[in-house]
There are 2 protein chains.
Amino acid sequence: MTKVPQDARARRKLTNSVKDSVRGMRSELALLNRRISARLELRDGDLDCLELVARLGPVGPSALARAAGVHPATMTGVLDRLEKGGWLTRERDPNDRRSVVLKVRPERVGEVFALYSGMNAALDEICAAFTDSDLLVIADFLDRTATAGHAATRDLDESP
Amino acid sequence: MTKVPQDARARRKLTNSVKDSVRGMRSELALLNRRISARLELRDGDLDCLELVARLGPVGPSALARAAGVHPATMTGVLDRLEKGGWLTRERDPNDRRSVVLKVRPERVGEVFALYSGMNAALDEICAAFTDSDLLVIADFLDRTATAGHAATRDLDESP
DNA sequence: GTCATATAATATGATTTCCGTATCGTACGT
DNA sequence: ACGTACGATACGGAAATCATATTATATGAC
């Protein structure tokens, strides 16, 4: 046994622990999201769609359905719930009268945020335990992972 | 304007960027999970339940339903799909013949893993870009966040 | 301009899922 | 031993999902 392979092994172990931690965090956050959805009397995926509208900005049902990986007809139902709950609005696009533009209702956003308040406060505390440069490293890692997740999703869609 | 408030402001900005990145990553990974579930002909929450069984170890339907925040009767349906797909087994507990023990089928785990292979490879690459000490910091952050998510979920369950 | 075709959103209806409740078998305390 | 609690699932009505059809509008070829 040489010295270098031992380092490589340790390094792989470290990498695997990071990947495990990513999975663990994803799992816990998925669970949290499910409970919050239930509180808002929404289906599981609905909140993800709402977040996607917030993220993508004004967007139409079809584009949103593609982005969310949901059947367009299902999206109609999702949007019915979200609109009825007052979480977003459907407006007709004057330029293309076939299409509809979805916008989150800014005044309601705080209501969703409030349900995340516990998690939010916890995250503030967690961040407080790290140095500025640590936080930069962490944010970098998270962003890269999010981008990789996006790419993996796209690749999956494009393969048979 | 004094110097210290400026630092505090910068710090808050940094913390907020980390929190945004957490949200972004959660959102992308949730999307990826949905597509993978679809590939396996499972419902959205099913894969989370399977992962939970892997995580918790052998467990019964009731305990799993509590952990997943799912109605027990719904869990029966989830398990029917997972069992029919061959992803896990239901065994009777010889000690308590009312109860059933769920176990993931190790030989099928690789099949799920294969669908994550793109993401997995990407994560390896991402990790390769960080130093050992960075990875330790990152894993620590992820674990703390997972724990906080777990606590936030529990708190939500316990409040009215 | 007219017509064919494409596109956006939603309606429709068959199928599946969800979930409150009921049921059945089993364990446990007294 | 008996009553009560508990684990899992069956049952049935309500709701969601999704393939397809429909309606309205836009766009391009001619």
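What you see below is based on every heavy atom in this structure, not just the backbone, and it leaves out hydrogens, waters and symmetry mates. Naming: A, B, ... by sequence-line order, numbering from 1 per chain.
Using a 4.5 Å heavy-atom threshold, the side chains of B:Glu28 and A:Thr147 count as separate.
Going from atom CZ of B:Arg98 over to atom P of D:dG7 covers 6 Å, rounded to whole Å. Atom CG in A:Asp80 sits roughly 13 Å away from atom P in C:dT12 (whole-Å rounding). Here D:dA16 presents its P atom at 9 Å from CG of A:Asp46, a figure rounded to the nearest Å. When rounded to the nearest whole Å, the span between CG of B:Asp44 and C1' of C:dT16 equals 14 Å. Taking atom CG on A:Leu79 and atom P on C:dT10, their separation rounds to 7 Å, with Å as the unit. One atom, CZ of A:Arg34, and another, C1' of C:dC19, lie 14 Å apart when rounded to the nearest Å. We find that CD of B:Glu41 is positioned 18 Å from P of D:dT17, with the value rounded to whole Å. If you take CG of A:Asp93 and C1' of D:dA26, they are 12 Å apart, rounded to a whole angstrom.
With distances taken from any side-chain atom of B:Arg43 to the nucleotides D:dT20, C:dA9, C:dC18, the minimum falls on C:dC18. Comparing atom distances between the A:Arg81 side chain and each of D:dA8, D:dA16, D:dA10 picks out D:dA16 as nearest.
Heavy atoms of A:Thr76 sit under 4.0 angstrom from at least one base atom. At a threshold of 4.0 angstrom between heavy atoms, the contacts of A:Arg90 are confined to the sugar-phosphate backbone, with no base atom among them. A:Ser62 comes within contact range of the sugar-phosphate backbone alone, with a heavy-atom separation under 4.0 Å but no base atom that close. Among the protein residues, A:Gly77 comes within range of no part of the nucleic acid, since none of its heavy atoms lies under 4.0 Å from any strand. Among the atoms of the strands shown, only primed sugar atoms or phosphate atoms (P, OP1, OP2) are found under 4.0 Å from some heavy atom of B:Asn95. Looking at heavy-atom distances under 4.0 Å, A:Thr74 makes contact with a base.
A donor and an acceptor atom never sit less than 3.5 Å apart when one is taken from the side chain of A:Arg97 and the other from the base of D:dT25.
Ranked by how close their nearest DNA chain D nucleotide is to the 5' end, B:His71 and B:Asp96 are led by B:Asp96.
Without hydrogens or angle criteria, B:Arg90 side chain to B:Leu102 main chain gives no donor-acceptor distance under 3.5 Å.
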Under the side chain to side chain contact (heavy atoms under 4.5 Å, CB included) rule, what do B:Arg26 and A:Glu51 come out as? Steps first, then yes or no, please.
CA-CA 11 Å; B:Arg26 190 213 65 80; A:Glu51 188 168 348; 3.0 Å; yes
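Under the 3.5 Å distance criterion, with hydrogens and angles disregarded, no donor-acceptor pair is assigned to the side chains of A:Asp44 and A:Ser37.
Cluster annotation: A:Val70 and A:Val101 are assigned to distinct hydrophobic clusters (Ile/Leu/Val/Met/Phe/Trp/Tyr, side-chain heavy-atom contacts under 4.5 Å, transitive).
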